[in-house]
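These values consider heavy atoms only, across backbone and side chains, with no hydrogens, waters or symmetry-generated copies. One is the number of the first residue; the rest follow in order along the sequence. Everything numeric in this text was worked out from a predicted model, so none of it was measured.
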Amino acid sequence: MERKTLDALKNEKDAVILAHYYVDDDVQAAADHVGDSFTLAKLATTIDAKRIVMAGVSFMGETVKILNPDKQVYLPDPKADCPMAHMVTIQQIKEMREKYEDLAVVCYVNSTAEIKANSDYCCTSSNAAKIVGAIESKNIFFIPDGNLGRNIEKFFPEKHFINNQGCCPVHDGITPDLIKQLKKRYPDAAILAHPECRPEVLDLVDYKGSTKGMIEAVKDLNKDLNIIITEEGLRYELDKTYPDKTFIFPEMICEGMKRVTIDKIIDVLESGKNEVHVDPALAERAKLPLDRMLDICS
């Protein structure tokens with residue numbers, strides 16, 4: 001089905017397509033808005049369309065629905081999932097609350113609605129340090145991504161971090177040895193990495209930050225050759241933004257994100273299937289830490 005048919009469907013259904021940087025190029029090209037988790041979370045609260053198609057993994061669809069309870073939200077593929085989102089349990093949160101009186105549970109947006117509902121604050125990779133800096137509690141239980149927690153912990157020596165053992169398998173698989181090999185092979189390149197990587201990896205790179213942050217940092221670093229340590233889908237935006245620069249990605253593929261296709265987007269617009277539903281009571285509780293995040297970062 002041609003692109004003009006997709007445009008016609010969006011007009012007919014009063015629909016907007018949001019896409020994460022990690023989905024395939026053709027999906028990003030067809031989307032109305034492309035961004036990282038924080039950009040899309042903020043944007044979702046400003047959209048006037050009746051229907052929103054979230055071209056990403058399942059927690060993103062839930063987040064959009066929680067922030068927009070009166071809109072119809074759809075996932076192109078409900079099986080597109082983020083393993084990290086399931087790497088912490090409500091029981092673990094309860095145990096930490098019992099152990100520490102002065103505790104704030106800071107939940108990375110890459111998490112399920114149930115986990116958000118049992119947390120105090122949400123954050124993204126781009127605003128995690130800002131969120132923690134606004135919290136008075138001394139003890140921080142950072143979930144579900146332990147790497148992100150460890151990477152911001154050093155900025156807050158006055159706080160006690162308890163970092164969950166979860167991780168993004170794609171980013172966690174990058175090792176310091178690989179970074180050293182890349183430095184040796186490309187000595188003139190800038191290396192930029194996502195904070196879901198291990199701290200010992202970030203110690204070796206030129207820039208560490210969110211996907212959006214990396215896009216902006218390429219300009220500041222001003223190198224012709226750039227090694228990007230994150231999911232390969234970011235190449236589309238980088239090539240479009242910097243056509244005169246060269247980008248090298250190690251093999252980093254999120255299988256969940258790659259399940260999203262144009263055909264599946266067309267299918268949900270035509271059929272109305274794969275609508276995201278979140279229990280209203282659960283959504284109300286999960287919205288509170290998201291609202292706190294948006295308030296702090298407004």
Side-chain angles (χ1 to χ4, degrees), residues 19-29 31 34-40 55-57 82-84 108 110 124-129 145-155 163 166-260:
H20 193 275
Y21 289 127
Y22 293 163
V23 297
D24 279 339
D25 295 1
D26 59 343
V27 177
Q28 293 187 53
V34 181
D36 61 9
S37 296
F38 181 53
T39 300
L40 296 176
V57 292
C82 169
M84 184 206 299
Y108 192 24
N110 299 37
T124 69
S125 58
S126 62
N127 66 25
D145 185 11
N147 283 337
L148 182 55
R150 284 185 284 275
N151 283 322
I152 66 169
E153 180 178 4
K154 60 185 177 184
F155 300 117
N163 294 307
C167 67
C168 166
V170 175
H171 289 93
D172 190 64
I174 300 299
T175 64
D177 283 345
L178 175 60
I179 302 299
K180 292 173 184 177
Q181 291 170 19
L182 290 168
K183 280 177 171 284
K184 185 175 181 179
R185 185 173 181 182
Y186 306 102
D188 295 327
I191 303 182
L192 303 84
H194 195 281
E196 288 178 12
C197 293
R198 303 178 195 180
E200 55 268 32
V201 167
L202 295 193
D203 287 342
L204 299 172
V205 305
D206 300 295
Y207 175 84
K208 55 199 97 171
S210 67
T211 45
K212 182 179 179 181
M214 283 190 276
I215 294 169
E216 295 170 350
V218 167
K219 180 179 180 180
D220 296 332
L221 292 169
N222 196 27
K223 294 284 189 177
D224 292 332
L225 182 61
N226 299 270
I227 299 171
I228 309 297
I229 310 297
T230 195
E231 214 278 347
E232 63 177 21
L234 190 60
R235 181 190 296 276
Y236 176 78
E237 186 68 23
L238 288 169
D239 284 342
K240 185 171 67 172
T241 306
Y242 304 102
D244 296 329
K245 294 185 182 295
T246 300
F247 299 98
I248 296 172
F249 284 73
E251 186 174 347
M252 299 178 68
I253 300 173
C254 174
E255 295 181 2
M257 291 288 190
K258 300 313 183 194
R259 293 183 66 94
V260 179

Ignoring hydrogens, what is the shortest heavy-atom contact between [X] and [Y]? Give both atom names and the distance.
| X | Y | value |
| --- | --- | --- |
| Gly256 | Val57 | C-CG1, 3.9 Å |
| Tyr207 | Leu221 | CB-CD1, 4.1 Å |
| Lys223 | Asp188 | CD-O, 3.5 Å |
| Pro176 | Val201 | N-CG2, 3.8 Å |
| Leu234 | Phe249 | C-CZ, 4.0 Å |

In Å and rounded to the nearest 0.5 Å, what is the [atom1] to [atom2] distance from [X] to [Y]?
| X | Y | atom1 | atom2 | result |
| --- | --- | --- | --- | --- |
| Ser210 | Glu216 | OG | CD | 7.5 Å |
| His194 | Thr211 | NE2 | OG1 | 5.5 Å |
| Arg185 | Ile248 | CZ | CD1 | 7.5 Å |
| Glu237 | Asp25 | CD | CG | 10.5 Å |
| Ser126 | Met214 | OG | CE | 11.0 Å |
| Met257 | Glu231 | CE | CD | 7.5 Å |

Between [X] (side chain) and [Y] (backbone), is there a donor-acceptor pair under 3.5 Å?
| X | Y | answer |
| --- | --- | --- |
| Arg235 | Phe247 | yes |
| Gln28 | Val23 | yes |
| Lys258 | Tyr22 | yes |
| Asn151 | Cys197 | yes |
| Asp206 | Ile191 | yes |

State, yes or no, whether a side-chain contact exists between [X] and [Y] at a heavy-atom distance under 4.5 Å.
| X | Y | answer |
| --- | --- | --- |
| Asp145 | Cys168 | no |
| Lys180 | Leu204 | yes |
| Pro199 | Asn147 | yes |
| Glu196 | Asn110 | yes |
| Asp24 | Tyr236 | no |

Step through the shown structure and confirm whether more than 12 heavy atoms of other residues, nucleotides or ligands are within 6.0 Å of NZ on Lys208.
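More than 12 within 6.0 Å, yes.
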In terms of heavy-atom contacts, does CD of Glu200 have more than 12 from other residues, nucleotides or ligands at under 6.0 Å?
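Counting other residues, nucleotides and ligands, CD of Glu200 exceeds 12 neighbours.
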